[in-house]
Amino acid sequence: MEIYLDNAATSHPKPECTLEAVRDAMTRLNANPGRAGHARSLAAGRLVLEARETLALVLGAADPFGIVHAFNCTDALNLAIKGGLKAGSHVVSTMLEHNSVLRVLMEKKRRGEIEVTLVRPRGYFVDARDVQNAIRPNTRLIVVTHASNVTGAVQPVEEICQLARRKGILSLVDGAQRLGGAPVDVRAMGCSLYAFPGHKSLLGPTGTGGLYIEPGLVLDTVREGGTGSSSDSMLQPDDPPERYEAGTVNLAGIAGLKAGAQYVQTRLLEIHARERELTDQLYRGIRSLPGAVVYAPEEPSTRAGIVSLNLGGLSSSELADALDRAGICARGGLHCAPGAHEMLGTLRRGAVRLSVGYATTPGEIEQTLRVLREIAGGT
């Protein structure tokens with residue numbers, strides 16, 4: 001029996017409603033939304049709007065037209081960063097970020113377009129005081145992950161976003177490892193922008209994601225093209241969300257994302273509590289293993305559903321391979337977050353990441369711990 005503990009990469013299994021919605025979009029609808037006036041196209045357009053409304057509900061956003069459909073979280077982050085910055089801007093971010101943030105920033109820095117300061121965390125967490133100390137007169141944007149994709153450590157995003165708002169600075173939160181696994185309220189948080197994937201805790205298909213843009217904020221576009229609206233103009237429309245969604249949207253993916261997000265929304269508190277219990281079971285069990293080094297905060301309330309570890313003298317790839325042979329899907333390596341691994345001292349070795357999901361069971365966690373005990377006994 002396979003045990004899937006790689007939900008931080010993509011969730012599995014998808015609920016039946018997600019699968020049915022994708023099939024329905026490819027068969028019953030299967031039209032280009034916003035590109036025609038016939039009934040099938042209009043129905044497809046309504047589905048895309050309904051997905052925005054569902055995502056706005058999950059995010060606590062007031063306006064569904066502030067939700068932009070993207071190809072994934074990386075695509076959303078590119079739009080937020082490239083569309084929000086001006087030449088000569090200074091950006092404050094952190095060493096904990098995924099490469100979908102770091103590579104965008106560092107490429108723009110390499111070209112001489114922006115300046116970047118990466119704040120080092122204190123232990124597992126970034127301190128808002130260090131973010132404040134990094135702010136300069138030309139700081140335009142603060143970017144922070146909601147939860148580390150290596151350690152699962154939930155960052156003080158509300159404190160950081162409120163700091164940015166007081167300073168008149170844009171804030172961008174990378175919600176890849178949080179949205180769908182815990183309640184999120186972008187208005188209470190005070191963020192300007194919130195990027196998210198559809199295929200992780202929202203239980204949608206791969207190739208989906210989105211960006212929340214607060215009311216009144218206008219980003220530069222990073223792609224232009226057909227929108228189905230303002231077709232008499234050669235310029236990209238000004239009004240969101242069409243301003244940011246050039247070309248045909250991923251109708252089948254968005255249909256699946258809508259269904260997955262609705263599934264999550266109706267069960268969110270239950271999913272959050274259950275994943276916290278499972279993560280704590282996993283964390284405590286690994287802590288008891290001889291030769292295990294755990295990379296995760298101790299307090300359960302500060303963890304997303306992720307526990308990373310190394311064991312004995314094994315490399316992370318060797319441990320991940322041993323787990324795979326035992327039927328356990330886990331991820332070894334650097335997880336596209338070199339700064340986080342540098343902080344942990346695992347830049348050469350990497351770490352094995354185990355991540356729970358809505359369908360994970362206590363029995364699967366116990367079986368995983370049994371396998372790890374056997375591996376530990378042989379190292």
Side-chain angles (χ1 to χ4, degrees), residues 5 7-9 59-60 93-98 101 118-132 142-164 171-186 188-191 194-197 200-201 264 268-288 292-310 331 335 337 339-346 351-358 360 362 365:
L5 291 176
N7 290 279
L59 285 156
S93 191
T94 85
M95 292 286 287
L96 299 178
E97 305 309 309
H98 190 276
V101 168
L118 297 181
V119 174
R120 299 177 73 84
R122 303 187 185 195
Y124 289 111
F125 306 98
V126 172
D127 193 308
R129 293 170 296 180
D130 295 330
V131 174
Q132 181 168 351
I142 297 173
V143 189
V144 62
T145 185
H146 201 156
S148 167
N149 75 312
V150 178
T151 67
V154 179
Q155 302 304 308
V157 291
E158 183 169 346
E159 187 178 0
I160 292 170
C161 290
Q162 296 292 349
L163 165 66
S171 59
L172 165 60
V173 177
D174 176 0
Q177 301 299 338
R178 196 60 171 166
L179 187 65
V184 170
D185 187 331
V186 290
M189 188 187 301
C191 63
Y194 193 100
F196 58 92
K200 297 188 182 184
S201 292
V264 168
L268 183 56
L269 294 180
E270 174 191 343
I271 290 172
H272 179 49
R274 192 160 176 271
E275 289 189 3
R276 179 182 289 188
E277 291 175 1
L278 292 168
T279 306
D280 196 48
Q281 178 188 358
L282 185 61
Y283 174 84
R284 289 184 286 104
I286 293 173
R287 283 287 299 268
S288 70
V293 181
V294 185
Y295 310 104
E298 186 173 356
E299 170 54 45
S301 65
T302 63
R303 291 195 300 253
I306 292 170
V307 180
S308 292
L309 75 147
N310 277 312
R331 180 176 172 181
H335 315 292
H341 282 284
E342 180 185 325
M343 300 297 300
L344 295 170
T346 56
V352 171
R353 184 180 69 188
L354 303 172
S355 47
V356 305
Y358 82 104
T360 308
I365 298 298

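Side-chain contact check for Tyr124 versus Leu344: some heavy-atom pair is nearer than 4.5 Å. A heavy-atom distance below 4.5 Å is not found between the side chains of Arg331 and Leu354. Between Pro297 and Phe125 there is a side-chain heavy-atom pair separated by less than 4.5 Å. His146 places a side-chain heavy atom less than 4.5 Å from the side chain of Tyr194. In this structure, Ser355 and Leu5 have side chains that are not in contact, with every pair of non-hydrogen atoms separated by 4.5 Å or more. In this structure, Pro362 and Leu278 have side chains that are in contact, with non-hydrogen atoms separated by less than 4.5 Å.
Closest of all the heavy-atom pairs between Cys191 and Ser171 is CA-OG, 3.2 Å. Across every non-hydrogen atom of Gln155 and Ala153, the tightest pair is NE2-O, 3.0 Å. Asp185 and Gly60 get closest at one heavy-atom pair: OD1-O, 3.8 Å. The two residues Pro183 and Leu268 come nearest to each other via the heavy atoms CA-CD2, 3.7 Å. Contact record, Lys200 with Ala9: CE-O, 3.3 Å, taken as the closest heavy-atom pair.
Side-chain polar atoms of Tyr358 and Asn7 form no donor-acceptor pair below 3.5 angstrom.
Interatomic distance, Arg120 CZ to Met95 CE, rounded to the nearest 0.5 Å: 4.5 Å. For the atom pair OH of Tyr295 and CD1 of Ile306, the computed distance is 15.5 Å after rounding to the nearest 0.5 Å. Rounding to the nearest 0.5 angstrom, the gap separating the CG atom in Leu96 from the CG atom in Asn149 is 9.5 Å. Atom OG1 of Thr94 and atom CD1 of Ile160 lie 8.0 Å apart (nearest 0.5 Å). Expressed to the nearest 0.5 Å, how far CD1 of Ile286 lies from CG of Leu309 amounts to 4.5 Å. The distance from the CD1 atom of Ile142 to the OG atom of Ser93 is 9.5 Å, given to the nearest 0.5 Å.
The side chain to side chain donor-acceptor pair (under 3.5 Å) search around Thr302 returns none, not counting sequence neighbours. Taking Asp130 as the reference, Arg122 meet the side chain to side chain donor-acceptor pair (under 3.5 Å) condition, with sequence neighbours excluded. The side chain to side chain donor-acceptor pair (under 3.5 Å) test applied to Thr145 returns no partner, not counting sequence neighbours. Residues passing the salt bridge (Lys or Arg N to Asp or Glu O under 4.0 Å) test with Glu158: none are found, sequence neighbours excluded.
Glu298 CD: 12 or fewer foreign heavy atoms inside a 6.0 Å radius. In Glu159, the CD atom is not crowded: 12 or fewer heavy atoms of neighbouring residues, nucleotides or ligands sit closer than 6.0 Å.
No donor-acceptor pair closer than 3.5 Å links the side chain of Glu342 to the backbone N or O of Ala337.
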If you look only at distance, which donor and acceptor atoms sit under 3.5 Å apart when one is on a side chain in residues 172-182 and the other is two or more places apart or in another chain?
residue, atom, partner, partner atom, Å
Asp174, OD1, Ala176, N, 3.1
Gln177, NE2, Ala8, O, 3.0

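Ring geometry for His341 versus His335: interplanar angle under 30°, hence parallel rather than tilted (30 to 60°).
Pairs passing the salt bridge (Lys or Arg N to Asp or Glu O under 4.0 Å) check and including a residue from residues 273-283, sequence neighbours excluded, read Asp280-Arg284, Asp280-Arg303.
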